[in-house]
Amino acid sequence: MSNLRKAASNAIQRFLDYFPDPSKYRPLARFAVENLKISQSIKRNSEALSQNSDNELAYKNDDFLKASIPTSHSDYTKTGFLPTNPQFRTEIGENSLFPHNTHSYIHKKHDLIAEWIKEPVIASTIDLKKPIDSKYDAIKSFEFSIKEASNLVKNDINKVDPFKLVASELGGLTDNISRILETGNPKLSKVVRHYFQATGKQIRPLVVLLMSQVVNGITHNSSSANSEKIDYSVIDKSVPKDIEFDKESSIRDSVIREALSHSLNKNLYNPTTNSNGSIVLPTQRRLAEITELIHTASLVHDDIIDGSDTRRGIPTSHQVFGNKMSVLAGDFLLARASVSLARLRNPEVVELLATVIMDLVEGEFKQLKNINTENGDVTYSNLNSPNEESFNYYLQKTYLKTSSLFAKSIRASAILGNAPDHLVEMAFVFGRNLGTAFQLVDDLLDFTSSKKQTGKPVGADLNLGIATAPVLYAWQEFPELGELIKRKFSNENDAETAYKLVINSQGLQKTRLLVEAYAEKAMASLSLFPPSQSRQALLNLTHSLIFRTK
Ligand code: FPP
Ligand code: MG
């Protein structure tokens, strides 16, 4: 560890000691310091691993991974994310932040972090002004140190490229989706593949694949246990294209039966370990593809609802093929996603992803209104400022529309990887907080980014009648926004007036603080998983998603 790192972690240690229970207050700080300490070791060990010529399933025999990813549930719960490798432990253990480095201490620390993560963020109380009190001087310096530490961590984790770690799975994503969408009807084939000609951000499959790598191997023999239960060859078999197949039985039965009996002439997915020893199971790779299918289906429908002209730099589906065909294409994408989902042969995962579809619809439905006028959130007498319910309505909509797909698909990847229950839960919480931070950034960019950067005109949400977090915060300062929000900026100049009020308010800065509140919780939940390059990549990705400009 360099002197700079040592100095930074010592400084943070001193500030952390100031608090009776620092882990509860600043889990991210602890995580930052842990990362400072382990990053060098991870780098060294992964270099050693990449020189290992026997690449196939090398992770099973590698000392480092045995050390850093506990091999059994009990091992993990005993040690938390502290590895058992003596060399590794000297580096992060003996000089660690936890002088009483006993199992129960770590256990307690994890419980406290988990408890803190689960505490809800109260959006309506976000305040730019910190209380002026000498008691908070230490926090100020503390926060400065955290920032420094985060920068160091950031520089370090920037060396882990999230896309590179799952390059083989992401590289095959479009081809696999194209195969899933094969039909005997050339026109339908064309319409359903339209959005896949251009590459989107692929964030959802990316996080699913990375979380798969994070959890695989935590539970002893998870991959072999799964392979006994699942015939992976089913996953890649094609759905019948010819209607003749369906003549003698119900369509549903024949699709499944055909899938089971049809021999596949294209290559099946053979999971291999990547250069840092991580593996993605075939079920998890297919899950990643399913998330992209569901997401794309929702975009096809969303573009019709929003009347958007372009998506991913190409004309929208309804612009090219019209509304009727596009609605049906969206339905078809969902239908094929459902068949693929059933083939994962895991009812819990099927249920999770089925409820995501439901959530997407409900979220979009909620978005048709800005404020809850049915259960009394806003009446004409209290349009002066938003209340907690106004923020809750917006955050619930955000969860349904965006976070649910992140949360439930990441949870599903942990289930497929046979992760212990508390990590399955943490995977969900990570996804939920990441998804919310991601959507909040989207809502911010609507005010701050140009069409050139995002492909969307500035203030597009306002023009669609939608009031997002910056508007709700601006409403705290400008009561006149209430009426405009309620009538969905439908009068002439409403959108323009609202835009100006938002820009002249603290709305953007407050939304930024809200983004950070969710991101901090997302990052803290990662700290409860064993350290690995993939976990670093998820941390890095969280960081880059909240600082993105498009
Ligand atoms: C993009 O939002 C849209 C969504 C995140 C979800 C849309 C959901 C539906 C239309 C419900 C139907 C669902 C399915 C599965 C068919 P946005 O308009 O804020 O983002 P954009 O600027 O990228 O269009
Ligand atoms: Mg839209």
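Atom set for the values below is all heavy atoms of this structure, side chains included, hydrogens, waters and symmetry mates excluded. As the structure is a prediction and not an experimental result, all values here were calculated from the model. Counting starts at 1 for both ligands and their atoms, following the listed order.
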Open item on the list: Tell me whether Gln367 has any N or O atom under 3.5 angstrom from an N or O of ligand 1.
Closed with: no
- [ ] May I ask you to check whether over 12 heavy atoms, not counting those of Phe365, lie within 6.0 Å of atom CZ?
- [x] no
Open item on the list: Using a plain distance cutoff, I'd like to know if Lys401 has any nitrogen or oxygen under 3.5 Å from a nitrogen or oxygen of ligand 1.
Closed with: yes
Open item on the list: Applying a heavy-atom cut-off of 4.0 Å, say which part of Asp442 lies close to ligand 1: side chain, backbone, both or neither.
Closed with: neither
TODO: Might you point out which heavy atoms bring Gln213 and Val166 nearest each other, and give the distance in Å?
DONE: NE2-CG1, 3.6 Å
Open item on the list: Between Lys366 and Glu362 (salt bridge meaning N to carboxylate O under 4.0 Å), is one present in this structure?
Closed with: no
Task: Heavy-atom nearest neighbour in the protein, as seen from atom 12 (C) of ligand 1, with distance rounded to 0.1 Å - done: Val361 CG2, 4.0 Å
Open item on the list: Using a 3.5 Å cut-off on N or O atoms only, is Asp303 in polar contact with ligand 1?
Closed with: no
Task: Per-residue contact class, Arg311 against ligand 1 - non-hydrogen pairs under 4.0 Å - done: side chain
Open item on the list: Checking Thr316 against Asp303 for the side chain to side chain donor-acceptor pair (under 3.5 Å) test, could you report, in this order, the C-alpha distance in whole Å, the side-chain angles of both residues, the deciding distance, and whether it holds?
Closed with: CA-CA 7 Å; Thr316 46; Asp303 286 339; 5.5 Å; no
- [ ] Tell me which part of Asp306 gets within contact of ligand 1: side chain, backbone, both or neither, using heavy atoms under 4.0 Å.
- [x] side chain
Task: Proximal atoms of ligand 1 relative to Leu334 (non-hydrogen, under 4.0 Å) - done: 15 (C), 16 (C)
Task: By side chain to side chain contact (heavy atoms under 4.5 Å, CB included) - contacts of Ala469 (at least two apart) - done: Tyr394, Leu440, Tyr473, Thr511
- [ ] For side chain to side chain donor-acceptor pair (under 3.5 Å), just list the numbers for Thr497 and Asp494, CA-CA rounded to whole Å, side-chain angles, deciding distance to a tenth of an Å, and then say yes or no.
- [x] CA-CA 5 Å; Thr497 309; Asp494 273 3; 5.3 Å; no
Open item on the list: Atom CD of residue position Gln197 - does it have more than 12 heavy atoms of other residues, nucleotides or ligands inside 6.0 Å?
Closed with: yes
Open item on the list: Using a cut-off of 2.8 Å, how many protein N, O or S atoms sit around the Mg ion (ligand 2)?
Closed with: 2
Open item on the list: Counting only nitrogen or oxygen atoms and a 3.5 angstrom limit, does His301 reach ligand 1?
Closed with: no
Open item on the list: I need the nearest protein heavy-atom contact for atom 20 (O) of ligand 1: residue, atom name and distance, please.
Closed with: Asp302 OD2, 4.2 Å
Task: Chi angles and distances behind the side chain to side chain donor-acceptor pair (under 3.5 Å) call for Asp443, Gln439 - done: CA-CA 6 Å; Asp443 295 347; Gln439 183 59 49; 3.0 Å; yes
Open item on the list: Quick check on salt bridge (charged side-chain N to carboxylate O under 4.0 Å, His left out): which of Lys408, Lys401, Arg432 does Asp359 satisfy it with?
Closed with: Lys408
- [ ] Among all protein heavy atoms, pick out the one at the shortest distance from atom 7 (C) of ligand 1; state its residue, atom name and that distance to 0.1 Å.
- [x] Glu364 OE1, 3.3 Å
Task: Side chain proximity check, His295 to Thr291, heavy atoms < 4.5 angstrom - done: no
Task: Arg548 charged N/C atom sitting above Phe438 aromatic ring, 6.0 Å / 45° - done: yes
Task: Nearest heavy atoms of Arg193 and Ser178, plus distance in Å - done: NH2-O, 2.7 Å
Open item on the list: Students should be able to answer this: which protein heavy-atom is nearest to atom 22 (O) of ligand 1, and at what distance?
Closed with: Lys456 NZ, 2.7 Å
Task: Which residue and heavy atom of the protein sit nearest atom 13 (C) of ligand 1, plus the separation - done: Ser298 CB, 3.8 Å
